[in-house]
Amino acid sequence: MVHLAAPEIPAKPGVQVSNAPRVGFVVSKSVGNAVTRNRVQRRLRHLALDRLDGLAPGCTLVVRALPAAAESSYIELGTDLDRALEKARGR
């Protein structure tokens with residue numbers, strides 16, 4: 001599951017916001033034990049890093065790993081992430 005948010009407008013004049021996209025990950029205990037969760041998060045982090053150029057400057061991307069991610073291969077995770085990003089961009 002992916003959530004993509006547009007850049008926020010600074011609350012105060014003169015406050016600068018970084019133009020780099022931000023990415024966060026949510027990998028809950030339902031995905032598996034600590035070793036499994038860390039492996040899923042490392043894979044997702046690497047996949048998201050490859051896709052940062054396609055994100056708008058200043059946007060925030062949150063990737064939530066579902067339990068099926070524990071059994072997915074690296075290629076399957078990449079395909080699922082691409083599909084979820086396309087769907088999020090279409091909103």
Side-chain angles (χ1 to χ4, degrees):
M1 177 178 282
V2 170
H3 298 281
L4 187 62
E8 296 180 11
I9 299 171
K12 298 178 183 176
V15 175
Q16 293 184 341
V17 177
S18 171
N19 282 338
R22 299 184 307 170
V23 181
F25 303 95
V26 178
V27 185
S28 70
K29 286 186 177 182
S30 65
V31 173
N33 62 19
V35 173
T36 303
R37 292 193 310 267
N38 286 331
R39 183 180 65 237
V40 169
Q41 186 170 356
R42 282 193 311 269
R43 287 178 173 181
L44 288 172
R45 186 182 310 123
H46 187 267
L47 289 165
L49 183 65
D50 291 341
R51 288 152 178 84
L52 281 180
D53 293 336
L55 298 176
C59 73
T60 302
L61 172 69
V62 178
V63 180
R64 180 175 169 247
L66 300 177
E71 303 298 323
S72 298
S73 70
Y74 184 80
I75 294 171
E76 291 171 333
L77 282 176
T79 302
D80 290 345
L81 181 60
D82 288 336
R83 192 173 332 139
L85 280 170
E86 287 302 317
K87 188 175 179 181
R89 285 183 186 128
R91 291 183 187 163

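When the shell of 6.0 Å around CG of Asn33 is examined, it contains more than 12 heavy atoms from other residues, nucleotides or ligands. Within 6.0 Å of atom CZ in Arg39, more than 12 heavy atoms from other residues, nucleotides or ligands are found, so the atom counts as buried in its surroundings.
Between the CG atom in Asp80 and the CD1 atom in Ile75 there is a gap of 12.0 Å [rounded to 0.5 Å]. Atom CZ of Arg51 is separated from atom NE2 of His46 by 9.5 Å, given to the nearest 0.5 angstrom. Within the model, atoms CG of Leu61 and CZ of Phe25 stand 7.0 Å from one another, a figure rounded to the nearest 0.5 Å.
Taking each heavy atom of Arg37 and Lys29 in turn, the nearest pair found is NH1-CG, 3.6 Å. Closest approach of Ser30 and Ser28 over heavy atoms only: OG-OG, 2.8 Å. Closest heavy-atom contact between Ala69 and Val40: O-CG2, 3.8 Å.
Hydrophobic clustering (side-chain heavy atoms under 4.5 Å, transitive across Ile, Leu, Val, Met, Phe, Trp, Tyr) groups Val27 together with Leu85. A continuous path of Ile, Leu, Val, Met, Phe, Trp and Tyr side chains, each step under 4.5 Å between heavy atoms, connects Leu52 with Val63, placing both in one hydrophobic cluster. Tyr74 and Leu66 end up in different hydrophobic clusters when Ile, Leu, Val, Met, Phe, Trp and Tyr side chains are linked at under 4.5 Å. Leu44 and Val23 fall within the same hydrophobic cluster, defined by Ile, Leu, Val, Met, Phe, Trp and Tyr side-chain heavy atoms under 4.5 Å apart, directly or through other members. Both Leu49 and Leu47 are members of a single hydrophobic cluster when ILVMFWY side chains are connected at heavy-atom separations under 4.5 Å.
Side chain of Arg43 to backbone of Ser72: a donor-acceptor contact under 3.5 angstrom is found.
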Practice task
Step by step, work out the side-chain contact (heavy atoms from CB on, under 4.5 Å) result for Gln41 and Val31.
Solution key: CA-CA 10 Å; Gln41 186 170 356; Val31 173; over 6 Å; no
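A salt bridge does not link Glu86 to Arg83: none of the charged side-chain nitrogens sits closer than 4.0 Å to a carboxylate oxygen.
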